[in-house]
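Notes to accompany the following structure.
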Amino acid sequence: MPDLFANNSAPPSHEMQEDDQEGIRAKLARMHPTPYLEGLNPEQKEAVESLDGPLLVLAGAGTGKTRVLTTRIGHILATRRAAPWQILSVTFTNKASREMKDRIGRLIGGSVEGMQWLGTFHSIGVKILRRHAELVGLKSNFTILDSDDQIRLMKQLIQAQGLDEKRWPARQLAGFIDGWKNRGLSPEQVPQDEAFLFAQGSGLILYTAYQARLKILNACDFGDLLLECLRLFREHPDVLSSYHNKFRYILVDEYQDTNVAQYLWLRLLAQSNHNICCVGDDDQSIYGWRGAEVDNILRFEADFPGAKVIRLERNYRSTEHILAAASHLITFNQGRLGKTLHHQIEDDEAEKVTVTSIWDSEEEARTIGDQIEAQQRDGHNLNEIAILVRASFQMRSFEDRFVTMGLNYRVIGGPRFYERAEIRDALAYFRAVVQSADDLAFGRIVNTPRRGLGDATVRQIHALARHQEIPLMEAAAELVGTEDLKPRARSSLKGLLGQFNHWRTMLSTMKHSELAEVILDESGYTEMWQKEKSPDAPGKLENLKELVRSIAEYESLPSFLEHIALVMDRDSGETNEAVSIMTLHSAKGLEFDSVFLPGWEEGLFPHQRALDETGNKGLEEERRLAYVGITRAKKRAKIYVAQNRLIHGKWQNSIPSRFLDELPNKHVEIEETQSTYGGYGASGVGGSIYGKSRFDKSDPFESSYDTPGWKRAQANKANRSKSGSSHGSHTSHLIEGELVAKSVSDGPAKYAVGERVFHIKFGYGEVKSVEGNKLTIQFQTGQKRVVDSFVEKH
DNA sequence: TTATGGAGAATAACG
DNA sequence: TTCTCCATAA
């Protein structure tokens, strides 16, 4: 997309004085009145200029949502409606907020430091909480726990309750508590019946205990960053009104992803002046399982009376075919606000969306790999190619294949940098040095590396700490002075405490990045990994080095720790050309020339668990995910269906996804593929794992007779028989391998039970049963189900 | 304290 | 099937 602000002739930023608000505003005043509005379409322009009152911008995929948001902020600043620090602008991810900062920076041609309230929900929540921590029972230097800390804490509490940790896993409790927090429920607000879902009512006791424990630890989890804000605003109206006065304008990105807590938070803040602008797309709401409420966006007009709604429907990203395919698919969802995307890109040569059926996941990887190589030969940049999968286990076959092909790829997502064990251990050391009362940090590393402080010793420290209500570190110091410990443990613990004291004194004398390295060396942590001979040990050391490097970018160790919990993510700085492999979820917001969408099979996509757990609601979310997937593509979207897939180590045969039938015939092409073996069937016994009874209403077998997919298959079959080859020619039967099977099932059976047949892959066998044109055949290698056109009478 | 085996789980993932 | 977590034994 051409850069909107490139022509606003702003002088380079070095002419500006950093941190000088007047500088920015003066600069804006000198600008041509509204040059930044040029190039916006009428709807975008309206969205930018409708400054007063609540506004909902329904921005379809690729319609310039970020551009509207940033221009709107620019407009507020340029018209001097508010100063940079009077605008609250929230996003979900650090990445999004960084991008907004960058773009606003380009717009106003300078520093955006004045925009202190542009950030993620969480980072803004922390900022507010730290200012008023005492009012909610915290100290302003509270620690932020991540999910790992949470689980560890909950484990302790579950044990303290005398519950069987096997039966009531901490992970599950964490799920419940997160869920409650997402819905803005503090312990006293949890509905009775839900309290009983975990350990017969202990769930609520544990939630209460957990919150109490957090207060003692002077800590918050991510959910609290919002929940405690809500409490603060409700219990201290004066504080809330100070923010009402502060924030003249509120902007929210990705509104469809907000959960109840975030929604309440926004409502409280927008209560007084109503200048709230939410941008979102109900069709891209894919985080229901994380607590996001599509309802928030659907209800906007009711929540904010007098709200204006503007739809952005001009898509500047994709070709007509891609857009039509996605649009048609999404119309199968009920309960949408409804948008019609219009393509702005004209391309007579544009490729249709393709659907290719292949034999199994290996062939899928091979076919896609070949396609990518071909595209590469045609001069396409690998960075513009992505493979979007539903579940991460699908990534493996691609990785395997690309490694053997020597094709550069990168996996996006996966374990985040600061979630890795070695990074968390290192951080725990730093935390314990900076804050001796950080029990979780201390508990994590007392015996890492192993220094003879096993379960027994740790339990003693815990007991004393609990008894005297003092931090672990203090209790440990006390224990060392007694005879209660075994001599070995005692001297070891004494040594460790001595080291901590030593490091603490160095806090003020040594450069913090050096100190970090010293801590890791002296504690023996680095050595531990050097000795470790597992293949990933070197990588871990590399990560630690990188961690130390990144510390240098912060002013001090405490300020580093402050930031890391919230804003450290891994932008792997990779500059090599590489194909991206990622999940559909992590692809939201991105775009690529070519998008490969493998695994469109029932049970995988839509995912069985989504259907089982949330029924039709789940199905609609899956469909939105499909919509997101297709709309990532600028020029090419290629969908693949495998007839067989390896699931938990077993080959299962699969049914093409119902979403395929929801694609418009006109814009989709069934693509042929070279195949090693042709045919329908599975090497496993027992047929599909996705029984038709599992589906909500429609039976895919019945319903697909009159669907576009079936008709396509028919047409294709006709063409195919004209051109001759039907089997044995190493050309697969594509989608009709499945669909044709249905089409002729009411015709006369060509084979009889007991007949001897020959199959190109499986050899000779005997027909065991006949269902339409699907045969169950006993081969030497076992029973298989195959389509009759792939066997010959013998 | 470490090694090993068995059991159990395996949708997606922001801060 | 494969990974992780935990308990048990050496």
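Predicted model only: the values in this text are computed from it and were never measured. Each chain gets a letter, A, B and so on, in the order its sequence line appears, and its residues count up from 1.
A side-chain donor-acceptor contact under 3.5 Å links Thr404(A) to the backbone of Asp400(A). Under the 3.5 Å distance criterion, the side-chain polar atoms of Asn259(A) are matched with a main-chain donor or acceptor of Gln262(A). Counting only distance, with no hydrogens or angles, the side chain of Lys127(A) and the backbone of Gln116(A) share a donor-acceptor pair below 3.5 Å.
Salt-bridge check for Asp149(A) with Arg424(A): passed, with a basic side-chain N closer than 4.0 Å to an acidic carboxylate O. In this structure, Arg624(A) pairs ionically with Glu621(A), as a charged nitrogen and a carboxylate oxygen lie closer than 4.0 Å. Between Arg336(A) and Asp283(A) there is a salt bridge, with a side-chain nitrogen of the basic residue lying less than 4.0 Å from a carboxylate oxygen of the acidic one.
Stretches of at least 3 consecutive Watson-Crick or G-U wobble pairs, with each checked distance under 3.5 Å, appear in DNA chain B as B:1-10 with C:1-10.
A close approach under 4.0 Å does not occur between any side-chain nitrogen or oxygen of Lys127(A) and OP1 or OP2 of dG15(B).
Separating the CG atom of Asp360(A) from the P atom of dT1(C) is a distance of 17 Å, rounded to the nearest angstrom. Distance Arg396(A) CZ to dT1(C) P: 12 Å, rounded to the nearest Å. In this structure, Asn447(A) places its CG atom 9 Å from C1' of dT1(B), rounding to the nearest Å. Rounded to an integer number of Å, the gap from Glu562(A) CD to dG15(B) P is 16 Å. Rounded to an integer number of Å, the gap from CE of Met528(A) to C1' of dT1(B) is 14 Å.
Under a cut-off of 6.0 angstrom, the local environment of NZ in Lys215(A) is crowded, with over 12 non-hydrogen atoms contributed by other residues, nucleotides or ligands.
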- request: Report the C-alpha distance between Met115(A) and Lys101(A) in whole Å, list the side-chain angles of each, state the deciding distance to 0.1 Å, and finish with yes or no for side-chain contact (heavy atoms from CB on, under 4.5 Å).
  value: CA-CA 8 Å; Met115(A) 296 214 56; Lys101(A) 269 197 183 136; 5.5 Å; no

message: Under the criterion ring-ring contact (aromatic ring centres under 6.0 Å, His included), I'd like the reasoning laid out for His585(A) against Tyr287(A): C-alpha separation, chi angles, the key distance, then a yes or no.
response: CA-CA 8 Å; His585(A) 282 90; Tyr287(A) 284 111; 5.4 Å; yes

Write out a two-atom table: protein N or O, nucleotide N or O from nucleotides 8-14 of chain B, distance below 3.5 Å.
residue: dT11(B); atom: OP1; partner: Arg609(A); partner atom: NH1; Å: 2.4
residue: dT11(B); atom: O4'; partner: His607(A); partner atom: NE2; Å: 3.2
residue: dT11(B); atom: O2; partner: Arg390(A); partner atom: NH1; Å: 3.0
residue: dT11(B); atom: O2; partner: Arg390(A); partner atom: NH2; Å: 2.3
residue: dT11(B); atom: O4; partner: Glu613(A); partner atom: OE1; Å: 3.3
residue: dA12(B); atom: OP1; partner: Ser392(A); partner atom: N; Å: 2.8
residue: dA12(B); atom: OP1; partner: Ser392(A); partner atom: OG; Å: 2.3
residue: dA12(B); atom: O4'; partner: Arg390(A); partner atom: NH2; Å: 3.2
residue: dA12(B); atom: O3'; partner: Thr583(A); partner atom: OG1; Å: 3.4
residue: dA12(B); atom: N3; partner: Trp289(A); partner atom: NE1; Å: 3.3
residue: dA12(B); atom: N3; partner: Arg390(A); partner atom: NH2; Å: 3.0
residue: dA13(B); atom: OP1; partner: Thr583(A); partner atom: OG1; Å: 2.5
residue: dC14(B); atom: OP2; partner: Arg416(A); partner atom: NE; Å: 3.1
residue: dC14(B); atom: O4'; partner: Arg290(A); partner atom: NH1; Å: 3.1

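Nucleic acid contact for Lys588(A): none, since no nucleic acid atom lies under 4.0 Å from a heavy atom of the residue. Nucleic acid contact for Gly125(A): none, since no nucleic acid atom lies under 4.0 Å from a heavy atom of the residue. Among the heavy atoms of the strands, none lies under 4.0 Å from Leu145(A).
dA13(B) and dT2(C) are spaced 23 Å apart, taking the P atom of each and rounding to whole Å.
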